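This structure is in structure tokens; I'll ask about it shortly.
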Amino acid sequence: MAYPFKQIEEKWQAEWEKRKIFCVEPESKKKKYYCLEMFPYPSGKIHMGHVRNYTIADVAARYKMIQGFNVLHPMGFDAFGQPAENAAIKNKSKPDVWTDKCIEWMKQELRRMGFAYDWDREISTCEGDYYRWNQWIFLKMFERGFAYKKASSVNWCPKCETTLANEEVIDDGCWRCYAKVEQKDLEQWFLKITEYKERLLQDLSQLRDWPQRVLSMQTNWIGKSQGVEIYFRLKENGAKIPVFTTRQDTIFGATYIVLAPEHPKVLEMIKGKPQEKEVIKFIKKVAKESKAVRIASDVKKEGIFTGTYAINPVNNEEVPVWVADYVLMEYGTGSIMAVPTHDQRDFLFAREHNLPMRIVIQPSVVSRQLSAKELKEAYEGDGTQVNSGQFDGLPNTQAKTKIAEWMEKEGIGKIKTHWRLRDWLISRQRYWGTSIPIIYCSKCGIVKVPYEDLPVKLPSDAPFTGEGGSPLGKVKEFVEVSCPKCKGSARRETDTMATFFDSSWYFLRFCSPDFDQEPFDKKDVKYWMPVDQYIGGIEHAILHLLYSRFFTKFFKDLKMLDFDEPFTRLLTQGMVLKGGEVMSKSKGNIVDPDSIVKKYGADTLRLFILFAAPPETELEWDDRGIEGSFRYLNRVWRIQENLKEKATLELIKIMHKTIKKVSEDIENFKFNTAIASLMELTNSIYQIGADKEVFSNLVIMLSPITPHFAEELWQKLGNKESVIKADWPKYDSKILVEATVTIVVQVNGKVRSKVEVLAEITEGQLKEKVLADEKLKPWIQGKPIKKFIVVPKKLANLVL
RNA sequence: GCGGAAGUGGUGGAAUGGCAGACACGCUAGCUUCAGGAGCUAGUGGGGGCAACCCUAUGAGAGUUCAAGUCUCUCCUUCCGCACCA
């Protein structure tokens, strides 16, 4: 007979809600612990990814609760976003109604999983009480010039009919619908995240408890590269052509320069020259090629000579000026110096077009001296400067600095740092988001919506046709307003903010969800922040995590908080796979958590998901594995019928060992091995028989993992309070000390025997005992023992 | 190309430099049961041996060490991120 999980789970979910036992203690003297998972978009259903994410967090939160911490473990909804609008178009409903319904469904499913949330702090970003503060923050940024409007070429998703941030473009496609992203010239709102680039990079070193992977992804994304801008000049008119390089040590080997086809100087350069027609033809051809084709690695680098020469400022050499597709206008200065001997791309291009090469760095290994004629590929490593004027003989790493300084002094170059990070484009041509609190007046220009008029609410009667752009622009009463300054007629901004704006500070709102003076109450934030443990998917490694770090730094500069980083510890949980592939509708390999809960209960699902793999690795769904977890709980359930008066010392010892292991493992998020050791204890109980104390401890240790199950058994054991109020068992290290120990005996590093000895035995006594061991005789064969190595209480190794 | 992570039984996965494969799934056998997608017990990396045992084995190869899955080097493979980034 299976244990009655359905009844038990429903009973305790109701009981927890009634007793509000997961709500934080206000004004508490206890140590705080803020455990947060990335809040969901309310699609209406939770999937296995959610279950895994929230189960991991729930164990951490419950473990800290039972340890006596004041734990903030909130839940909310990232409720703005496109699916609500799409649903509105499809079902002729309204986004807010649809979203509310989805939130309700989702909450039901979250409840059924038994997560220990403080529901009193629930927030939803689509509520005026929340997005009002988005607008407030936007205005603060606007006042400081951190939110600004700029015309530029931006990413445009034709399917979603909206602009996208660089971070939202994945492999040239829209992150949401995978449609191919186009470039469009538009005037849009940006946030000046680049203002914080140095700090965003620097402070990564503070984040010691973040996964290396995320840190390196952010480092890459910010993309700092230090080098020199070197000024070449055109031979014919002395016009300055700056090139950016990080390899200024190779400048003496620059035998030509290359401009991007879009480079503004190209057209005037070729005017009237015999090459003019051909170059223009080439430029047009490149312009037609999509970016994806152009950067595909197997495409041959194409280029054409402009008929112009430039002067290399370090040696006054004349070098030809080329135009080529492999030079990009977006990066650096849109022009490069080419050093074919020490840059592989330049090498390929030079060989193709028969351009000159000169070695300027020789590797330190004499046998590998290079000659330009025999070069098979560019030498990009370190070495000694040659053919480099006064820098000859220097190691190139030193020459790098010396040359940079020298060029600055001579006025032929400037030390420069380039960054990959661009400002954050936040305008979205959508309805279901926070409207940007700006009014355009023909007389006053761009005018802020006054703070007292916030929130700028979304009109409820916008038409959802799916055609003709944002529904907001079609609502006359919304668009046509009077200017807050001159009271003349004006127009309201109809774009809304990217929803990543909403999630960039929600963790602060949870600290004081009802505060109505500012986005958050400084005093509460001081107590709760930073988040001690943040848990979510790797897909936010850059997007959400970078934006949140940016917002935190902005608030710090506003003196609204006093720390630099919002999330102390970060865990990125692995994906849930089935058949080796990520669960997805299109692959048809989805396992619905709700169906598992119905069949086996939430506790079994939680147990399986924690046991099947460590949190940060991928988890392969296994239908039979889940049955195993269910069997285990039933096995534990049956123990209560056979409790003994008193447990044996042997079992007590195993129990203490388990307490130690489980405590340490949960602390370190090694839930799979914690569960394994609970299973071992259970196996021992089956062999030896447990008393009430041992069984109680097993129940307490299971409680963060399978909370309903543990509550029920805890109650059956005669306890009145929730198991979350129990004392987490402590292990007694004295009991763990064994009087006798088994010593593994090796001969030349191979295990040949084992001896049982007193734990406190001396080395001499041990040696005597070991040498007396009959089993070892054939291995020693009377040979002299050169060395006798002892690892106390573990091992002895005889070296012959 | 650069950066990151990882390669261990049929499977998921364990192993502060010290008995490789904990725990579980699966499989095999036995017991129990009217029955089992239930329960209990035992076995289960490969090779050899009636057996006690022996040999061998953590992607490949070298090295350090009394001792290497673990440390170092070289190489291979897979996954992820960035990428003609100058």
Side-chain angles (χ1 to χ4, degrees), chain A residues 1-2 170-171 211-221 223-225 227-228 243-248 250 254 257-258 260 294-301 324-328 330-339 343-346 348-349 380 418-420 538-539 541-542 575 608 611-614 616-632 634-635 638 661 670 672-683 686-687 742-754 775 778 785-791 793-800:
Chain A
M1 268 287 280
I170 313 289
D171 287 339
Q212 205 29 254
R213 182 153 161 235
V214 175
L215 295 176
S216 86
M217 278 166 80
Q218 291 216 357
T219 307
N220 272 339
W221 189 261
K224 182 180 187 177
S225 83
V228 182
V243 304
F244 178 70
T245 182
T246 55
R247 289 299 304 271
Q248 60 273 16
T250 64
I257 68 172
V258 192
R294 206 169 138 185
I295 62 175
S297 50
D298 50 342
V299 170
K300 200 161 70 182
K301 304 180 192 328
D325 58 358
Y326 76 98
V327 175
L328 306 175
E330 307 93 85
Y331 190 80
T333 59
S335 46
I336 61 157
M337 64 174 204
V339 186
D343 181 290
Q344 184 61 14
R345 287 160 303 173
D346 297 342
L348 293 174
F349 190 80
E380 296 181 335
H418 269 281
W419 300 80
R420 220 183 72 93
I538 187 71
E539 66 274 18
I542 293 168
M575 306 222 223
F608 169 72
F611 179 58
E616 56 285 337
T617 56
E618 287 176 337
L619 185 152
E620 176 68 29
W621 182 264
D622 180 2
D623 287 319
R624 288 187 289 207
I626 192 124
E627 290 198 34
S629 295
F630 186 56
R631 275 206 297 269
Y632 171 71
N634 281 300
R635 210 163 132 83
R638 288 192 300 270
K661 174 84 176 145
K670 291 164 81 176
N672 55 331
T673 48
I675 292 166
S677 114
L678 289 170
M679 287 174 169
E680 284 182 75
L681 175 61
T682 306
N683 290 343
Y686 264 75
Q687 275 164 21
T742 306
I743 301 283
V744 171
V745 185
Q746 300 180 331
V747 178
N748 285 335
K750 296 213 170 203
V751 180
R752 296 302 181 196
S753 181
K754 282 166 198 178
K775 271 194 199 155
I785 288 157
K786 282 194 201 136
K787 248 189 196 174
F788 186 69
I789 289 157
V790 175
V791 181
K793 294 179 192 181
K794 259 192 192 146
L795 174 137
N797 189 11
L798 303 174
V799 185
L800 301 180

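The chains referred to below are lettered A, B, ... by the order of the sequence lines, with proteins before strands, and numbering in each begins at 1. Side chains are part of it too, since the values below use all heavy atoms of this structure and drop only hydrogens, waters and symmetry mates. Everything numeric in this text was worked out from a predicted model, so none of it was measured.
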> Could you give the CZ-to-P distance, from Phe608(A) to C25(B), as a whole number of Å?
Replying inline: 11 Å
> Which label fits G47(B), syn or anti, where anti is any glycosidic angle not within 90° of 0?
Replying inline: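 Anti, since the glycosidic angle lies more than 90° from 0.
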> Can you tell me how far P in A57(B) sits from the matching atom in G69(B), rounded to whole Å?
Replying inline: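 Between the two P atoms, the distance is 10 Å.
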>> Tell me which nucleotide, if any, is Watson-Crick or G-U wobble paired with A22(B) when both distances must be under 3.5 Å.
In response: none
>> With rounding to the closest Å, how many angstrom separate the P atoms on G4(B) and U72(B)?
In response: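 Between the two P atoms, the distance is 14 Å.
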> Considering heavy-atom distances to RNA chain B, does Glu380(A) or Gly334(A) have its closest nucleotide positioned more toward the 5' end?
Replying inline: Glu380(A)
>> Less than 4.0 angstrom between a side-chain N/O of Lys670(A) and OP1 or OP2 of A15(B), yes or no?
In response: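 Looking at the OP1 and OP2 atoms of A15(B), one of them is under 4.0 Å from a side-chain N or O of Lys670(A).
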>> Between G49(B) and G43(B), how many Å separate the two P atoms, rounded to a whole number?
In response: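 Per the computed distance, 22 Å lies between those P atoms.
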Atom pairs under 3.5 Å: protein N/O with N/O of nucleotides 3-11 of chain B:
none

> Between Gln687(A) and Lys787(A), which is nearer to the 5' end of RNA chain B once each is assigned its nearest nucleotide?
Replying inline: Gln687(A)
> With a 4.5 Å heavy-atom cut-off, do Asn748(A) and Val799(A) have their side chains touching?
Replying inline: yes
> What distance, rounded to whole Å, do you find between the two C1' atoms, one in U56(B) and one in U8(B)?
Replying inline: 15 Å
> Between atom CZ in Arg420(A) and atom C1' in C2(B), what is the gap in whole Å?
Replying inline: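 In whole Å, C2(B) C1' and Arg420(A) CZ are 12 Å from each other.
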>> Measuring only the P atom in each nucleotide, how far is A24(B) from A42(B)? A whole number of Å is fine.
In response: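 After rounding to an integer number of Å, I get 12 Å for this pair.
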>> Rounded to whole Å, please give me the gap between CH2 in Trp221(A) and P in G81(B).
In response: 12 Å
> If we call it a pair only when both distances are under 3.5 Å in a Watson-Crick or G-U wobble match, what pairs with U32(B)?
Replying inline: none
>> My understanding is that only residues two or more places apart in sequence, or in another chain, count here; which of them pass salt bridge (charged side-chain N to carboxylate O under 4.0 Å, His left out) with Lys775(A)?
In response: none
>> In this structure, how many angstroms lie between the C1' atom of C79(B) and the CD atom of Glu618(A), rounded?
In response: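 To the nearest whole Å, that distance equals 7 Å.
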>> With heavy-atom distances below 4.5 Å as the criterion, would you say the side chains of Ile785(A) and Leu800(A) are in contact?
In response: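 A side-chain contact under 4.5 Å exists here.
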>> Going by purine N1 to pyrimidine N3 plus the second Watson-Crick contact, or the G-U wobble pair, all under 3.5 Å, which nucleotide sits opposite C2(B)?
In response: G81(B)
>> Measure OH/Tyr326(A) against P/C84(B) and give the value in whole Å, please.
In response: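 From Tyr326(A) OH to C84(B) P: 14 Å.
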> Can you give one letter per nucleotide of nucleotides 17-24 of chain B, 5' to 3': B if a protein heavy atom sits under 4.0 Å from the base, S if only from the sugar-phosphate, - if neither?
Replying inline: -BB--BBS
>> Work out how far the P atom of G3(B) is from that of G21(B), and round it to whole angstrom.
In response: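 After rounding to an integer number of Å, I get 37 Å for this pair.
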>> Using whole Å, what does the distance between atom C1' of nucleotide G13(B) and atom CD of Glu616(A) come to?
In response: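 Rounded to the whole Å, the gap is 13 Å.
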> How would you list, by chain and number, every residue that makes a side-chain hydrogen bond (donor to acceptor under 3.5 Å, both in side chains) with Ser677(A), sequence neighbours excluded?
Replying inline: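 Counting only residues at least two positions away or on another chain, Ser677(A) forms no side-chain hydrogen bond (donor to acceptor under 3.5 Å, both in side chains).
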> Watson-Crick or G-U wobble partner for A57(B), using a 3.5 Å limit on both distances?
Replying inline: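 Per the H-bond distance test, none.
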>> Restricting to side-chain hydrogen bond (donor to acceptor under 3.5 Å, both in side chains), what partner residues turn up for Ser216(A), sequence neighbours left out?
In response: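 In terms of side-chain hydrogen bond (donor to acceptor under 3.5 Å, both in side chains), with neighbours along the sequence ignored, Ser216(A) is linked to no residue.
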>> Could you work out, with salt bridge (charged side-chain N to carboxylate O under 4.0 Å, His left out) as the rule, every residue matching Arg247(A), not counting sequence neighbours?
In response: Asp249(A)
> Across all strands shown, which nucleotide pairs with G37(B) by Watson-Crick or G-U wobble geometry, both distances under 3.5 Å?
Replying inline: none
> Do Val214(A) and Ile538(A) come within less than 4.5 Å of each other through their side chains, counting heavy atoms only?
Replying inline: yes
>> I'd like to check the salt bridge (charged side-chain N to carboxylate O under 4.0 Å, His left out) partners of Lys670(A); sequence neighbours left out, ordered by chain and number.
In response: none
> Given that both distances must come in under 3.5 Å, which nucleotide forms a Watson-Crick or G-U wobble pair with A14(B)?
Replying inline: none
>> Within the 4.0 Å heavy-atom criterion, would you say Pro614(A) contacts the bases, only the backbone, or no part of the nucleic acid?
In response: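 Since only primed, P, OP1 and OP2 atoms lie under 4.0 Å of Pro614(A), the category is sugar-phosphate.
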> Please give, in whole Å, the distance from C82(B) P to Ile538(A) CD1?
Replying inline: 11 Å
>> So Ile789(A) and Gln746(A), do their side chains get closer than 4.5 Å, heavy atoms only?
In response: no
>> Could you tell me the Watson-Crick or G-U partner of G7(B), where both distances fall under 3.5 Å? Say none if there is no partner.
In response: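 When the pairing criteria are applied, C76(B) turns out to be the nucleotide that pairs with G7(B).
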>> Could you tell me how far apart Ile626(A) (CD1) and G26(B) (P) are, to the nearest whole angstrom?
In response: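 Going from CD1 in Ile626(A) over to P in G26(B) covers 13 Å.
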>> Distance check, P atoms only: C84(B) and G1(B), in whole angstrom units.
In response: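 It comes out at 15 Å once rounded to the nearest Å.
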> With both distances kept under 3.5 Å, what pairs with G43(B), Watson-Crick or G-U wobble?
Replying inline: C27(B)
>> I'd like to check the side-chain hydrogen bond (donor to acceptor under 3.5 Å, both in side chains) partners of Arg345(A); sequence neighbours left out, ordered by chain and number.
In response: Asp343(A)
> Under a 4.5 Å cut-off applied to non-hydrogen side-chain atoms, are Thr245(A) and Val339(A) in contact?
Replying inline: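 Thr245(A) vs Val339(A): side chains apart.
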> Distance between the C1' atoms of U44(B) and A35(B), in whole angstroms?
Replying inline: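 Comparing C1' positions in U44(B) and A35(B) gives a spacing of 28 Å.
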> Of all residues at least two apart in sequence or in a different chain, which pass the side-chain contact (heavy atoms from CB on, under 4.5 Å) check with Ser225(A)?
Replying inline: Phe244(A), Thr246(A), Tyr331(A), His418(A)
